[in-house]
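One structure is given below, encoded as structure tokens.
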Amino acid sequence: MNRRDIAFVVSALIIAAALAVVPSITVKESVINLLVLVYIYVMMASSWNIIGGIAGQVNLGHAAFFGLGSLVSRILWTKGWPLSVSMILGALVPVAFALIIGAPSFKLRGVYFAIGTLAMAQILFITTRNLFPMISSLPTEALATYSLAPRYYVALGMTLLTVLVVFWLSRSRWGLGMVAVREEANAAESLGVSALQHKLLALCLSAFFAGLAGGVFAYYSAGYYLFFPFFPTWTFDAVMATYIGGTGTVIGPIIGAVFYVLVKEILALRFVELHPFIFGTLFILVVLFLPGGMIQIWSRLRRLFRRAAPAPSEEKAMSESDMVHDRPAVE
Amino acid sequence: MVETLVQNIVFGLLLGALYGLAAVGLSLVFGVTKFLNVAHGELLMLGGYVSFWLFNLYHVDPFVSLPLAALALVVVGIVLYSLLFSRTVKMDEEQKVQTTMLIGFGVSLILQNLAQRLWTADDRSITTAYSRMSWTLFDIRFPIVRVVSMVVALLLVIALQQFLQRSYFGKAIRATVEDWEEATIIGIDTHRVYLVAFVIGAAFAGVAGALVSVGYSIVPSMGLEWTLVCLVVMTLGGLGSIIGTFVGGLILGVAQALTAFAVGGAYRQVVGLLLFLVVLAVRPQGLFGVKEG
Amino acid sequence: MLNVEHINVGYKDLQVLWDVSFQVNQGELVALIGPNGAGKTTTLKAIMGLRRPWSGTIYFEGQNLCKVPAHKTAELGIAMVPEGGRVFTGLTVLENLELGAFAPHARKHMAQTLEEMYQLFPRLEERKFQRAGTLSGGERQMLAIARALMSRPKLLMLDEPSFGLAPLLVDRIFAKIKEINQAGMTILLVEQNVRAALELAHRSYVIQNGRIVGMGTSEELLSFEFVRSAYLG
Ligand SMILES: Nc1ncnc2c1ncn2[C@@H]1O[C@H](COP(=O)(O)OP(=O)(O)O)[C@@H](O)[C@H]1O
Ligand SMILES: [Mg+2]
């Protein structure tokens, strides 16, 4: 770990610590609820980013992982299993699913992968909607003791875990291999990087953290339709938040998710359901004109600022920038 | 029992014709421009609402308003092409497909949201004086509206095929599909070819939507399901021909009807998606062949 | 008629043509010869508007071609026969020829030009309803030339018409090119087949590594190593 990496980890811990005191300084449930939603979105965007951004395979079936995670955790937990076991299994089942669908679906190139994963997720969505059409409610005694604080801490902890793992991944040999696979599948293959292995690992990690997010959702929600987390909207939200923030970067999806949830909630206060319109427009603009997302604005400004300031040595500039990861999947 | 089965198949064919019509539009656009417009289902939805409102507000017969639905979608198509999709023309193919797919998702969200705000999330459907009439043959019902819709769909598909095959501009389109650079050299404005293909695709979606609003019902959120249907049909039948794609629509319609008959209506969508995945597994390199009419 | 003035052309960040200038006068048959990868095709693409020069200008009958959209170049009277006799293989011979007359001024005379083409290349009439993909290499090259002529151009540009053809066929094609030129057509012939090209051309330019390194008649150009070795070898 170099200085920059330590700085990232330390600031992530400081931010998490700061966020951890929120429940003790506010009694407003709406703030807590909003933050939990932010955390779930950060997990969803960051986990989508592993396969969609870093490894560059646009997966349109992310909701399947989230849905499976929440379904498994919820059912086990409400059956009386310990929460931790339920959530871990809730994260592992999507991984198993990813392993099953991974090998055949990575034979599909580019857009066929995208449509194929969307089709798979839709099949799961329709099937669960038919098999579990009911609302899952907590038992009355559990509802009576329902408390937001532990849910908040679980959500925050899992989010921190997700972000740190994605950060570690982006700095690791595996992460660099994934970027290589994205940039030039054939060249990477000839460099001795097995494209399939890297894509598979990316998909599994992505599934794991999406499943974990599903577990958080299952633990957090008092009552919901069991098929609700399978809605394709979960995928589209994660994709859009990631692109708007900056796909392929570590910070981009986080910023994108925070921005997404906050703007959505603010809009919801004043207008009814206008956010798909706003985000749809923003998403198109990003795809066409700012493929690096909001992060790209930041790095452009920084470069401008650098040029104005006395130029650092080339080597230092390289080690200080995370340009490898700033490269968007779609250029 | 046998009668119900046959009746189901007939209904499947009638709906499948609309699948075919819509998919032919998407497949033409993809074949010519390599744009994967996943907002195709939303264009269809818009066509449905044009027809619905013309009937509800001005009592225009839905079959009379078909050209208007097509025209409205031509306008929408021109706007979408010039504002968004044309910007991807110069990209290499893989990037173009992916970028247009993402743009398409943005567009579909926007259109769906607009439709919901303007026209509410309710199911709508056109009920004319002849809506409930049907012909009966050997105890099998043929609802007039749906039969006429099928004929319209079939005629449009044949017309498109003949246009591509015989007209001068149709030949220019085929030439552009084969080699845009060569086409440019002989003076074909490939931008115009792309625009025309895109707009025809949108118009087909519009007409299909209008027909759906008469024989079935429309709702702002119908887009994704229809887009998927079109992708599935392109895969099933679109390996090189317009007529083949239409037949793919009929096949999907029947497959859905049989599924509904065997395991229940709730799973009718699943069968198409499964077929799609099976075909993808067999031909992972891609399925959408060059359109040659 | 055609004046190429100091053009620099490249792909992305790779410069291919460096300060290239040459001209073709009315009625001339000018050859542009050079080894593989010299930038000959790129030069023709720049003239057609398929590649925009980074700098420099191209004039055709006094008009600045750099300001003309690529698909309008044909309308101005320039036709190009692409490398390797590229034709629309999925279309019939007749459809290929019809499309050759896409430019408005040519479309008016389509039937008449078609007759002329069938006289020039009787083979094409025999095969008019066949898909172009079923033609032999020589026939394709003829179709490509005929398709270009269907636009009734003032300037015909051919990109390596001899490429991949048997010597006998090359002679036939070059005889046709000569015939077309003698009927009054201005021609810019791009070739690697130096000997054949020099025999045919009034004047030739030598291009190497993206630069024009010489101009003159066949004898004058023998001082170039590349030309000499091509002659001897
Ligand atoms: N599409 C392209 N992208 C990048 N480089 C190209 C492209 N086409 C040609 N080049 C390069 O430009 C140079 C000249 O090519 P070209 O004009 O085709 O040569 P010639 O026709 O004389 O054989 C070559 O070095 C070739 O590699
Ligand atoms: Mg060449």
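Both backbone and side-chain heavy atoms feed into the values below; hydrogens, waters and symmetry mates do not. Sequence lines set the chain letters: A, B, ... in the order given, protein chains first and strands last, and positions in each chain run from 1.
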Non-hydrogen atoms of chain A under 4.5 Å away: do they reach the side chain of [X], the backbone, both or neither?
{"X": "B:L114", "value": "side chain"}
{"X": "B:S108", "value": "neither"}
{"X": "B:V232", "value": "neither"}
{"X": "B:L111", "value": "neither"}

[atom1] of [X] to [atom2] of [Y]: how many Å apart, nearest 0.5 Å?
{"X": "A:L288", "Y": "B:L84", "atom1": "CG", "atom2": "CG", "value": "6.0 Å"}
{"X": "B:L109", "Y": "A:I278", "atom1": "CG", "atom2": "CD1", "value": "12.5 Å"}
{"X": "A:F113", "Y": "B:Q98", "atom1": "CZ", "atom2": "CD", "value": "10.5 Å"}
{"X": "B:L274", "Y": "A:Q122", "atom1": "CG", "atom2": "CD", "value": "12.5 Å"}

Next item on the list: With side chain to side chain contact (heavy atoms under 4.5 Å, CB included) as the test, would you mind laying out the steps for A:V239 and B:F105 before giving the verdict?
Entry: CA-CA 10 Å; A:V239 174; B:F105 271 111; over 6 Å; no
Next item on the list: Could you check which of B:R117, B:E225, B:Q116 has the highest count of heavy-atom pairs closer than 4.5 Å to chain A?
Entry: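 It is B:R117.
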So for [X], is it side chain, backbone, both, or neither that comes closer than 4.5 Å to the heavy atoms of chain B?
{"X": "A:F289", "answer": "side chain"}
{"X": "A:T127", "answer": "both"}
{"X": "A:F277", "answer": "both"}

Margin query: Quick one, B:L273 with A:L118, criterion side chain to side chain contact (heavy atoms under 4.5 Å, CB included). Give me CA distance, side-chain angles, the key distance, then yes/no.
Written below: CA-CA 9 Å; B:L273 297 171; A:L118 177 58; over 6 Å; no
Next item on the list: List the steps and the verdict of side chain to side chain contact (heavy atoms under 4.5 Å, CB included) for B:I110 and A:I284.
Entry: CA-CA 10 Å; B:I110 292 171; A:I284 292 173; 4.0 Å; yes
Check: What parts of residues 261-269 of chain B touch chain A if we use heavy atoms and a cut-off under 4.5 Å?
Finding: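 Within residues 261-269 of chain B, the residues that come under 4.5 Å of chain A (heavy atoms only) are B:A266, B:Y267, B:Q269.
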Next item on the list: Could you check if a side-chain atom of B:V270 sits within less than 4.5 angstrom of a side-chain atom of A:N130, using non-hydrogen atoms only?
Entry: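 No - every pair of side-chain heavy atoms lies 4.5 Å or more apart.
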Next item on the list: Could you pull out the closest heavy-atom pair between B:L277 and A:G116, with the gap in Å?
Entry: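 Heavy atoms of B:L277 and A:G116 come nearest at CD2-O, 3.7 Å.
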